[in-house]
Amino acid sequence: MRRKGKRTNKTRDDAEPTRRGRMTEEEKLRVSRVREDQLSTADTPEDGDRWSTWGDADQGPKPHPDWLVTELAAVDRELGIVKTGKEADVFLLERAMGEKACLLAAKRYRSNDHRMFHRDAGYLEGRRMKKSREMRAIQNRTAFGRNLIAEQWAVAEFAALAKLWQIGAPVPYPVQRSGTELLLEFIGDDEGNAAPRLAQARPEEDELLDLWRQLVGTLMTLAEAGVTHGDLSAYNLMVHDSRLIMIDLPQVVDLVANPRGVEFLDRDVRNISEWFASRGLPPEIADPSALVATLLDVAGMG
(Lines give C-alpha, C1' and ligand atoms only; values in the text may rest on other atoms or scores of the structure.)
Protein backbone atom coordinates (compact mmCIF):
# COMPACT_ATOMS: atom_id res chain seq x y z
CA MET A 1 0.00 0.00 0.00
CA ARG A 2 1.14 3.52 -0.70
CA ARG A 3 2.27 5.56 2.25
CA LYS A 4 0.39 8.81 2.56
CA GLY A 5 2.68 11.80 2.65
CA LYS A 6 2.12 15.42 3.51
CA ARG A 7 0.70 17.57 0.82
CA THR A 8 2.54 20.70 -0.13
CA ASN A 9 1.29 23.93 -1.67
CA LYS A 10 4.13 24.15 -4.17
CA THR A 11 3.25 24.13 -7.81
CA ARG A 12 5.44 22.68 -10.48
CA ASP A 13 6.60 26.15 -11.48
CA ASP A 14 7.45 27.11 -7.89
CA ALA A 15 9.32 23.95 -7.04
CA GLU A 16 13.08 24.12 -6.74
CA PRO A 17 15.02 21.69 -8.93
CA THR A 18 15.29 18.29 -7.23
CA ARG A 19 18.24 17.07 -9.28
CA ARG A 20 21.38 16.75 -7.21
CA GLY A 21 24.65 18.20 -8.40
CA ARG A 22 25.44 21.44 -10.19
CA MET A 23 22.43 23.41 -11.44
CA THR A 24 22.34 24.41 -15.08
CA GLU A 25 22.37 28.10 -15.92
CA GLU A 26 18.77 27.83 -17.13
CA GLU A 27 17.71 26.34 -13.78
CA LYS A 28 19.50 29.09 -11.89
CA LEU A 29 17.72 31.69 -14.00
CA ARG A 30 14.30 30.10 -13.39
CA VAL A 31 14.82 29.82 -9.64
CA SER A 32 16.02 33.43 -9.53
CA ARG A 33 12.83 34.54 -11.30
CA VAL A 34 10.64 32.62 -8.82
CA ARG A 35 12.43 34.22 -5.87
CA GLU A 36 12.19 37.69 -7.40
CA ASP A 37 8.46 37.23 -8.00
CA GLN A 38 7.94 36.12 -4.40
CA LEU A 39 9.92 39.07 -3.05
CA SER A 40 8.17 41.58 -5.29
CA THR A 41 4.73 40.59 -3.99
CA ALA A 42 5.77 40.27 -0.35
CA ASP A 43 5.69 43.96 0.56
CA THR A 44 3.66 46.27 -1.68
CA PRO A 45 2.79 49.84 -0.64
CA GLU A 46 -0.89 50.73 -0.44
CA ASP A 47 -0.60 53.80 -2.68
CA GLY A 48 1.72 52.40 -5.35
CA ASP A 49 2.98 49.37 -7.23
CA ARG A 50 6.30 49.00 -5.41
CA TRP A 51 8.69 50.73 -3.07
CA SER A 52 11.46 52.74 -4.70
CA THR A 53 14.26 50.54 -6.03
CA TRP A 54 16.77 53.40 -5.85
CA GLY A 55 18.78 51.92 -2.99
CA ASP A 56 19.35 48.57 -4.69
CA ALA A 57 20.15 49.80 -8.21
CA ASP A 58 23.14 51.16 -10.08
CA GLN A 59 22.64 54.90 -9.73
CA GLY A 60 23.15 57.66 -12.26
CA PRO A 61 26.05 60.11 -12.21
CA LYS A 62 26.42 62.75 -9.52
CA PRO A 63 25.36 65.38 -8.84
CA HIS A 64 21.85 64.00 -9.02
CA PRO A 65 19.33 66.48 -10.51
CA ASP A 66 17.22 68.45 -8.05
CA TRP A 67 13.97 67.12 -9.55
CA LEU A 68 14.88 63.50 -8.81
CA VAL A 69 13.28 61.75 -5.83
CA THR A 70 16.01 59.72 -4.12
CA GLU A 71 14.40 58.98 -0.75
CA LEU A 72 14.46 55.25 -0.05
CA ALA A 73 10.93 55.35 1.36
CA ALA A 74 9.51 56.71 -1.90
CA VAL A 75 6.82 54.82 -3.79
CA ASP A 76 6.78 53.92 -7.51
CA ARG A 77 3.45 53.94 -9.34
CA GLU A 78 2.85 52.73 -12.91
CA LEU A 79 0.93 55.23 -15.05
CA GLY A 80 0.79 53.40 -18.38
CA ILE A 81 2.82 52.44 -21.40
CA VAL A 82 4.65 55.03 -23.49
CA LYS A 83 6.13 52.95 -26.30
CA THR A 84 6.55 49.36 -27.40
CA GLY A 85 9.56 48.22 -29.37
CA LYS A 86 11.34 45.17 -30.72
CA GLU A 87 13.86 45.01 -27.88
CA ALA A 88 12.22 46.91 -25.05
CA ASP A 89 9.03 48.57 -23.86
CA VAL A 90 8.87 51.97 -22.17
CA PHE A 91 6.44 52.72 -19.35
CA LEU A 92 5.56 55.94 -17.54
CA LEU A 93 6.34 55.76 -13.84
CA GLU A 94 5.81 58.23 -11.02
CA ARG A 95 8.15 58.15 -8.03
CA ALA A 96 6.77 60.08 -5.06
CA MET A 97 7.65 60.86 -1.47
CA GLY A 98 5.11 63.06 0.27
CA GLU A 99 4.55 66.17 -1.80
CA LYS A 100 7.64 65.62 -3.92
CA ALA A 101 7.25 63.57 -7.10
CA CYS A 102 8.90 63.05 -10.48
CA LEU A 103 7.98 61.28 -13.70
CA LEU A 104 10.36 58.66 -15.04
CA ALA A 105 10.55 56.56 -18.18
CA ALA A 106 10.95 52.89 -17.25
CA LYS A 107 12.64 51.13 -20.15
CA ARG A 108 12.38 47.37 -19.74
CA TYR A 109 14.23 45.02 -22.02
CA ARG A 110 12.10 42.02 -22.80
CA SER A 111 12.79 38.65 -21.20
CA ASN A 112 14.35 35.88 -23.23
CA ASP A 113 10.97 34.17 -23.49
CA HIS A 114 9.51 36.95 -25.62
CA ARG A 115 12.22 38.59 -27.68
CA MET A 116 15.42 38.19 -29.60
CA PHE A 117 17.65 41.14 -30.27
CA HIS A 118 17.97 41.76 -33.98
CA ARG A 119 21.13 42.66 -35.79
CA ASP A 120 23.13 42.41 -32.57
CA ALA A 121 26.23 40.64 -33.87
CA GLY A 122 27.80 43.73 -35.40
CA TYR A 123 27.04 45.92 -32.42
CA LEU A 124 28.51 43.43 -29.95
CA GLU A 125 31.87 43.39 -31.73
CA GLY A 126 34.42 45.03 -29.50
CA ARG A 127 32.46 44.06 -26.37
CA ARG A 128 33.84 41.04 -24.60
CA MET A 129 32.68 39.26 -21.47
CA LYS A 130 35.26 37.89 -19.08
CA LYS A 131 33.69 34.46 -18.62
CA SER A 132 34.00 32.11 -21.58
CA ARG A 133 30.94 30.19 -20.36
CA GLU A 134 28.83 33.33 -20.68
CA MET A 135 30.27 34.06 -24.10
CA ARG A 136 29.32 30.56 -25.27
CA ALA A 137 25.80 31.00 -23.91
CA ILE A 138 25.44 34.27 -25.84
CA GLN A 139 26.84 32.80 -29.04
CA ASN A 140 24.60 29.72 -28.81
CA ARG A 141 21.53 31.87 -27.95
CA THR A 142 20.49 29.67 -25.04
CA ALA A 143 17.74 31.00 -22.74
CA PHE A 144 20.47 32.00 -20.29
CA GLY A 145 22.47 33.57 -23.10
CA ARG A 146 19.55 35.64 -24.40
CA ASN A 147 18.93 36.95 -20.89
CA LEU A 148 22.61 37.89 -20.67
CA ILE A 149 22.30 39.78 -23.95
CA ALA A 150 19.32 41.71 -22.60
CA GLU A 151 21.22 42.69 -19.47
CA GLN A 152 24.38 43.42 -21.45
CA TRP A 153 22.47 45.87 -23.63
CA ALA A 154 20.87 47.49 -20.58
CA VAL A 155 24.29 47.87 -18.96
CA ALA A 156 25.72 49.29 -22.19
CA GLU A 157 22.93 51.85 -22.59
CA PHE A 158 23.13 52.94 -18.96
CA ALA A 159 26.91 53.39 -19.20
CA ALA A 160 26.64 55.26 -22.50
CA LEU A 161 23.97 57.62 -21.17
CA ALA A 162 25.97 58.29 -18.00
CA LYS A 163 29.09 59.06 -20.01
CA LEU A 164 27.30 61.28 -22.51
CA TRP A 165 25.32 63.11 -19.82
CA GLN A 166 28.52 63.95 -17.99
CA ILE A 167 30.13 65.48 -21.06
CA GLY A 168 27.07 67.58 -21.83
CA ALA A 169 25.37 65.63 -24.62
CA PRO A 170 21.59 66.17 -24.92
CA VAL A 171 20.41 62.79 -23.63
CA PRO A 172 17.94 61.82 -20.89
CA TYR A 173 19.47 61.66 -17.44
CA PRO A 174 20.04 57.96 -16.57
CA VAL A 175 18.46 57.62 -13.14
CA GLN A 176 19.24 53.99 -12.35
CA ARG A 177 19.64 50.45 -13.68
CA SER A 178 18.36 47.31 -12.02
CA GLY A 179 18.77 44.12 -14.03
CA THR A 180 17.22 44.75 -17.43
CA GLU A 181 15.22 47.80 -16.31
CA LEU A 182 16.45 51.35 -16.87
CA LEU A 183 14.80 54.33 -15.23
CA LEU A 184 15.40 57.48 -17.24
CA GLU A 185 14.44 61.12 -17.16
CA PHE A 186 11.02 61.43 -18.77
CA ILE A 187 11.15 63.72 -21.79
CA GLY A 188 7.74 65.32 -21.96
CA ASP A 189 5.33 67.53 -20.05
CA ASP A 190 4.15 67.36 -16.44
CA GLU A 191 0.93 65.65 -17.55
CA GLY A 192 2.82 62.60 -18.80
CA ASN A 193 2.65 63.38 -22.51
CA ALA A 194 5.89 62.33 -24.17
CA ALA A 195 7.69 64.78 -26.44
CA PRO A 196 7.31 64.01 -30.17
CA ARG A 197 9.93 62.18 -32.18
CA LEU A 198 11.77 64.15 -34.82
CA ALA A 199 10.03 61.95 -37.39
CA GLN A 200 6.70 63.46 -36.30
CA ALA A 201 7.91 67.06 -36.57
CA ARG A 202 7.08 69.38 -39.46
CA PRO A 203 9.57 72.18 -38.83
CA GLU A 204 9.60 75.45 -40.69
CA GLU A 205 12.74 76.46 -42.58
CA ASP A 206 14.40 78.32 -39.69
CA GLU A 207 13.55 75.62 -37.17
CA LEU A 208 14.82 72.91 -39.52
CA LEU A 209 18.18 74.64 -39.79
CA ASP A 210 18.37 75.08 -36.03
CA LEU A 211 17.60 71.39 -35.45
CA TRP A 212 20.29 70.43 -37.98
CA ARG A 213 22.86 72.56 -36.19
CA GLN A 214 21.87 70.97 -32.88
CA LEU A 215 22.26 67.54 -34.44
CA VAL A 216 25.74 68.31 -35.78
CA GLY A 217 26.76 69.57 -32.35
CA THR A 218 25.49 66.37 -30.73
CA LEU A 219 27.29 64.16 -33.24
CA MET A 220 30.50 66.09 -32.65
CA THR A 221 30.14 65.61 -28.88
CA LEU A 222 29.78 61.86 -29.45
CA ALA A 223 32.73 61.82 -31.84
CA GLU A 224 34.90 63.57 -29.26
CA ALA A 225 33.98 60.73 -26.89
CA GLY A 226 34.93 58.20 -29.59
CA VAL A 227 31.45 56.81 -30.21
CA THR A 228 28.53 56.97 -32.60
CA HIS A 229 24.86 56.19 -31.98
CA GLY A 230 24.85 53.06 -34.12
CA ASP A 231 21.21 53.14 -35.21
CA LEU A 232 20.47 56.83 -35.71
CA SER A 233 17.25 57.92 -37.36
CA ALA A 234 14.50 60.50 -36.94
CA TYR A 235 12.73 58.01 -34.66
CA ASN A 236 15.34 58.08 -31.89
CA LEU A 237 15.61 61.84 -31.69
CA MET A 238 13.02 63.81 -29.71
CA VAL A 239 12.10 67.49 -29.91
CA HIS A 240 11.26 69.00 -26.54
CA ASP A 241 10.86 72.76 -26.15
CA SER A 242 12.72 73.23 -29.48
CA ARG A 243 15.63 71.15 -28.13
CA LEU A 244 16.84 68.04 -29.91
CA ILE A 245 17.40 65.10 -27.56
CA MET A 246 19.00 61.79 -28.51
CA ILE A 247 17.50 58.58 -27.13
CA ASP A 248 17.75 54.79 -27.56
CA LEU A 249 21.47 54.14 -27.12
CA PRO A 250 21.85 50.43 -26.26
CA GLN A 251 23.83 49.79 -29.44
CA VAL A 252 26.22 52.74 -29.08
CA VAL A 253 29.34 51.88 -31.09
CA ASP A 254 32.94 52.52 -30.12
CA LEU A 255 34.60 53.97 -33.22
CA VAL A 256 37.97 52.40 -32.41
CA ALA A 257 37.20 49.13 -30.62
CA ASN A 258 34.52 48.06 -33.09
CA PRO A 259 36.03 47.05 -36.46
CA ARG A 260 32.92 48.39 -38.18
CA GLY A 261 32.86 51.65 -36.23
CA VAL A 262 33.42 53.92 -39.25
CA GLU A 263 30.76 52.00 -41.18
CA PHE A 264 28.20 52.62 -38.41
CA LEU A 265 29.15 56.30 -38.23
CA ASP A 266 28.72 56.68 -41.98
CA ARG A 267 25.33 54.98 -41.87
CA ASP A 268 24.17 57.14 -38.96
CA VAL A 269 25.06 60.34 -40.77
CA ARG A 270 23.56 59.31 -44.11
CA ASN A 271 20.29 58.12 -42.54
CA ILE A 272 19.65 61.33 -40.66
CA SER A 273 20.95 63.57 -43.47
CA GLU A 274 18.40 62.01 -45.81
CA TRP A 275 15.59 62.92 -43.42
CA PHE A 276 16.69 66.55 -43.21
CA ALA A 277 17.13 66.71 -46.99
CA SER A 278 13.62 65.31 -47.47
CA ARG A 279 12.28 68.14 -45.31
CA GLY A 280 13.94 70.77 -47.48
CA LEU A 281 17.38 71.36 -45.98
CA PRO A 282 19.70 72.37 -48.87
CA PRO A 283 22.05 69.54 -49.94
CA GLU A 284 25.11 71.74 -49.56
CA ILE A 285 24.28 72.03 -45.85
CA ALA A 286 23.21 68.43 -45.23
CA ASP A 287 26.25 66.94 -47.00
CA PRO A 288 26.79 63.52 -45.37
CA SER A 289 30.28 62.94 -46.81
CA ALA A 290 31.56 66.27 -45.50
CA LEU A 291 30.00 65.67 -42.09
CA VAL A 292 31.47 62.16 -41.79
CA ALA A 293 34.92 63.53 -42.62
CA THR A 294 34.53 66.24 -39.97
CA LEU A 295 33.40 63.77 -37.32
CA LEU A 296 36.28 61.40 -38.04
CA ASP A 297 38.66 64.28 -37.70
CA VAL A 298 37.09 65.26 -34.38
CA ALA A 299 37.44 61.65 -33.22
CA GLY A 300 41.13 61.69 -34.17
CA MET A 301 40.61 59.23 -37.00
CA GLY A 302 40.78 61.63 -39.93
side-chain hydrogen bond (donor to acceptor under 3.5 Å, both in side chains) with W67: which residues, sequence neighbours excluded? none
Same apolar cluster: W153 and L161, side chain cutoff 4.5 Å: yes
Shortest non-hydrogen separation from I245 to H240 and the atoms involved: CD1-CB, 4.1 Å
Polar side-chain atom of E185 near backbone of P172 as donor-acceptor pair, under 3.5 Å: no
More than 12 heavy atoms from other groups under 6.0 Å of CD on Q166: yes
Those residues that, when tested against V262, pass side chain to side chain contact (heavy atoms under 4.5 Å, CB included) (two or more places apart): L296, M301
Closer than 4.0 angstrom, basic N to acidic O: yes or no for E157 and R108? no
Do L92 and L103 have side chains that get closer than 4.5 Å, going by heavy atoms? yes
Interatomic distance, OG@S273 vs CG@D287, rounded to 0.5 Å, equals 8.0 Å
Can you name the nearest heavy-atom pair linking L222 to A169, along with the distance? CD1-CB, 4.4 Å
Looking at H229 and I247, would you say the former's side chain and the latter's main chain have a donor-acceptor pair under 3.5 Å? yes
Pair D268, T228: side-chain N/O donor-acceptor within cut-off below 3.5 Å: yes
Carboxylate-amine/guanidinium proximity below 4.0 Å for R95 and D76: yes
If you measure from CE on M246 to CD1 on I187, what distance do you get to the nearest 0.5 Å? 13.0 Å
Examine V155 and L182 and state if one hydrophobic cluster contains both, with Ile, Leu, Val, Met, Phe, Trp and Tyr joined whenever side-chain heavy atoms are less than 4.5 Å apart. no
For V175 and W54, run side chain to side chain contact (heavy atoms under 4.5 Å, CB included): C-alpha distance rounded to whole Å, both residues' side-chain angles, the deciding distance at 0.1 Å, then the answer. CA-CA 9 Å; V175 174; W54 173 257; 3.8 Å; yes
Interatomic distance, L237 atom CG to W275 atom CH2 [nearest 0.5 angstrom]: 9.0 Å
Which value, rounded to the nearest 0.5 Å, describes the distance between L93 atom CG and L184 atom CG? 11.0 Å
Pairing donors with acceptors under 3.5 angstrom, does anything connect the side chains of D254 and N258? no
If we only count heavy atoms from C-beta on, is the V171 to L249 side-chain gap below 4.5 Å? yes
D266 meets the salt bridge (Lys or Arg N to Asp or Glu O under 4.0 Å) criterion, sequence neighbours left out, with R270
Does the side chain to side chain contact (heavy atoms under 4.5 Å, CB included) test come out yes or no for L211 and F276, once each step is laid out? CA-CA 9 Å; L211 291 172; F276 275 90; 4.0 Å; yes
Heavy-atom count around E204 CD within 6.0 Å, excluding the residue itself: above 12? no
Taking side-chain hydrogen bond (donor to acceptor under 3.5 Å, both in side chains) as the test, write out the residues that go with D210, two or more places apart. Q214
Of all heavy-atom pairs linking E181 and A106, the shortest is OE2-CB, 4.3 Å
Would you kindly confirm whether W212 and Y235 end up in one hydrophobic cluster when ILVMFWY residues are joined by side chain heavy atoms under 4.5 Å apart? no
Sequence neighbours excluded, the answer for side-chain hydrogen bond (donor to acceptor under 3.5 Å, both in side chains) partners of E94 is R77
Between Y109 (side chain) and D89 (backbone), is there a donor-acceptor pair under 3.5 Å? no
Can you check side chain to side chain donor-acceptor pair (under 3.5 Å) on T53 and Q176, steps first, answer last? CA-CA 9 Å; T53 54; Q176 66 177 67; 2.7 Å; yes
Can you tell me how far apart SG (C102) and CE (M97) are? Round to the nearest 0.5 Å. 13.0 Å
Applying side-chain hydrogen bond (donor to acceptor under 3.5 Å, both in side chains), name anything that partners E71, two or more places apart in sequence or on another chain. none
Verdict with reasoning, V227 to L255, per side chain to side chain contact (heavy atoms under 4.5 Å, CB included): CA-CA 5 Å; V227 299; L255 293 174; 5.5 Å; no
If every non-hydrogen atom of P45 is compared with every non-hydrogen atom of V75, which pair is closest and at what distance? CG-CG1, 3.8 Å
Quick check: is L265 connected to L164 through a chain of hydrophobic side chains (ILVMFWY, heavy atoms under 4.5 Å apart)? yes
With a 4.5 Å limit on heavy-atom distance, are the side chains of L232 and V269 in contact? no
Hey, what do you get for CG (L104) to CZ (F91), rounding to the nearest 0.5 Å? 14.5 Å
Test item: H64 and Q59 side chains (from C-beta on) under 4.5 Å apart, heavy atoms: yes
If you take all heavy atoms of I81 and V90, which pair is closest and at what distance? CG1-O, 3.4 Å
Less than 4.0 Å between a side-chain N and a carboxylate O, is that true for D248 and K107? yes
Give me the atom names and distance for the closest heavy-atom approach of A201 to R279. O-NE, 4.2 Å
Are V292 and M220 in one and the same hydrophobic cluster, where Ile, Leu, Val, Met, Phe, Trp and Tyr link if side-chain heavy atoms are under 4.5 Å apart? yes
